[in-house]
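All of these numbers come straight from a predicted model, not from anything done at the bench. All ligand and atom numbering here is 1-based and tracks the order in the structure.
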Amino acid sequence: MTNFTDLKQWEKVREGFEAAKGITLRQAFADDHSRAADMTVEAAGLTLDYSKNLVTRQMMADLFDMARECGLQEAINAMFSGERINVTENRPVLHTALRNRSGKSVVVDRMDVMPEVKSVLERMAAFSHKIRAGIWRGYTGRPIRNIVNIGIGGSDLGPAMAVQALRPFADRRLRFEFVSNIDATHFAEATHGMDPAETLFIIASKTFTTLETMTNGRTARTWLLETLKDEKAVANHFVAVSTNAKEVAEFGIDTANMFEFWDWVGGRYSLPSAIGLPLMIAIGSDNFNKMLDGFYAMDRHFAVTPFERNMPVIMGLLGIVYNNLHGAQSHAVLPYDQYLARFPAYLQQLDMESNGKSTDKNGKRVKIETGPVIWGEPGTNGQHAFYQLIHQGTKLIPADFIGFCKSHNPIGTHHDNLMANFFAQTEALAFGKTAEEVRAEGTPEELVPHKVFEGNRPTNTIMADELTPAVFGALVALYEHKVFTQGVIWNIYSFDQWGVQLGKVLAAKIYPELTSEQPPRTDAHDASTSALIARYRMANGRRA
Ligand code: G6Q
């Protein structure tokens with residue numbers, strides 16, 4: 001495929017960008033009274049108002065044309081139909097099959113995957129019910145009260161984020177912990193004060209070979225057996241989520257207690273698979289299914305809606321404007337909802353692991369900027385911290401503001417205050433405050449330049465009535481498909497993650513050098529790494 005920057009449609013976008021340089025959002029809104037209405041789209045219970053972006057109608061039209069020229073629709077169709085679009089790993093990309101609620105088949109290698117998808121969902125539902133109803137008991141006959149998920153990356157961030165996001169729908173009698181870090185502190189603190197007799201471990205690993213998860217899993221088994229003192233107890237207290245039955249059995253977990261998923265589900269796209277088991281235990285299968293309905297609604301929207309009204313496509317293209325024309329290096333995600341506190345961290349993996357690539361699909365070094373740095377914190381906290389830089393700093397930081405009309409905790413004036421801030425921030429960022437306005441407030445002249453807000457800081461506003469399981473599913477799918485859209489335009493492979501490998505290989509090599517009695521050869525590493533290893537060995541009483 002040709003580089004998008006070589007397309008005549010991109011040239012038009014660029015010309016539009018140059019022509020619009022002097023135009024402020026103030027002016028754009030003053031000139032065009034239907035801008036806000038026309039730049040608002042609805043999908044799957046979500047509203048996106050993208051009118052406060054640094055684009056003209058013509059630029060958007062050219063961007064949609066460019067996306068068509070880049071073959072975006074064909075790429076979407078290829079993903080949904082199970083083509084092997086994850087070329088470097090030779091796999092289809094079918095997380096959308098996990099939430100395919102249409103009743104239609106999805107065929108991979110001439111086999112319909114839907115019966116298996118449904119059967120795992122049914123097994124998850126039966127198991128979740130047993131835990132929630134106290135039917136599944138620990139080895140000593142006590143009901144399970146603590147669920148500890150052990151996994152990392154894609155086998156951790158999704159369910160950890162979602163259990164927090166959907167807490168209003170969760171069974172409050174159950175305590176959920178997520179252990180990912182190989183730092184023993186994570187396990188020790190998560191299980192502190194827990195009674196092993198009431199604790200279920202979910203060992204979640206697609207490969208079941210990941211160092212962190214296997215190490216934490218073995219520590220969990222030792223911790224359990226120190227109290228329960230019988231290997232047979234493992235069957236009551238450990239279940240696995242994996243694609244690798246052989247390794248699960250070798251770990252000592254009965255494969256009858258394994259919930260399967262498949263190599264066509266990427267780790268960071270696996271929340272709606274069996275990786276979502278802790279979430280299903282928390283909120284129950286009915287709510288989990290409602291979440292899948294939300295995912296599905298956004299999937300359909302993405303698959304069939306013309307780009308002009310297609311929410312993930314619009315967000316993806318806007319990101320390209322900032323990334324590839326304005327030179328923005330980052331993108332902030334600012335949920336005005338405490339339940340979504342972990343959403344930016346989740347999106348960091350989704351976006352940065354997918355599009356943090358510098359080789360294109362032809363194996364050539366890209367000539368363009370690809371994925372931005374994703375970051376964010378819930379509002380209003382950020383307003384008292386880093387928003388200063390967004391308002392008055394020298395860097396352009398496009399931001400997504402996510403908010404809800406109704407709160408799950410309608411206490412006093414909290415929610416109206418929260419949302420007043422939500423609306424105030426995007427307004428201030430877009431329209432700023434001129435020197436004349438500052439002067440009119442009686443500000444001494446020497447302070448005027450400090451109090452001016454230039455405005456023209458772009459934002460998307462994403463709103464829904466309430467953070468329900470369905471809305472949550474739609475929100476996650478929205479970002480998945482935004483990331484997909486950008487990967488297609490940038491002509492990179494979004495579904496591999498080779499960049500994770502090198503550090504893993506080197507760590508495996510260094511581990512014995514830290515622990516052996518013999519110091520490593522002095523030429524084993526560069527001078528810096530060798531000296532740091534020597535420092536560590538000495539501090540632990542080993543010869544440097
Ligand atoms: C996600 C990545 C990565 C992966 C973890 C855990 O897309 O592939 O984050 O999820 O490395 O891998 P396992 O599930 O195999 O333990």
Worksheet item: So, Arg537 side chain and Ser516 main chain: donor-acceptor pair closer than 3.5 Å or not?
Response: yes
Worksheet item: Out of Gly158, Ser270, Ala204, Gly154, whose heavy atom sits nearest atom 10 (O) of ligand 1?
Response: Gly154
Worksheet, complete the sentence: Filtering Gln349, Gln497, Glu247 for the heavy atom nearest atom 3 (C) of ligand 1 leaves Gln349
Worksheet item: Using a distance-only test with no angle check, is there a side-chain donor-acceptor pair under 3.5 angstrom linking Thr199 and Asn146?
Response: yes
Worksheet item: With distance as the sole criterion, is a donor-acceptor pair present between the side chains of Asn324 and Trp490 under 3.5 Å?
Response: yes
Just jot down the ligand 1 atoms closer than 4.0 angstrom to any heavy atom of [X], in number order.
X	value
Ser205	13 (P), 14 (O), 15 (O), 16 (O)
Thr210	12 (O), 13 (P), 15 (O), 16 (O)
Arg268	1 (C), 7 (O)

Worksheet item: Any N/O of Ser155 closer than 3.5 Å to an N/O of ligand 1?
Response: yes
Worksheet item: What about Phe201 and Trp223, are their ring centers closer than 6.0 Å?
Response: yes
Discussion item. Before we go on, tell me: are the rings of Tyr336 and Phe404 under 6.0 Å apart, centre to centre?
Written reply: no
Nearest-neighbour protein heavy atom for [atom], which is reported as residue plus atom name and distance:
atom	result
atom 11 (O) of ligand 1	Lys504 NZ, 4.3 Å
atom 15 (O) of ligand 1	Thr207 OG1, 2.6 Å
atom 1 (C) of ligand 1	Glu353 OE1, 3.0 Å
atom 6 (C) of ligand 1	Ile152 O, 3.2 Å

Worksheet entry | Rounded distance (nearest 0.5 Å) linking atom CZ of Phe302 with atom CZ of Arg300 | 11.5 Å
Worksheet item: Side chains of His326 and Val321: does their closest heavy-atom pair fall under 4.5 Å?
Response: yes
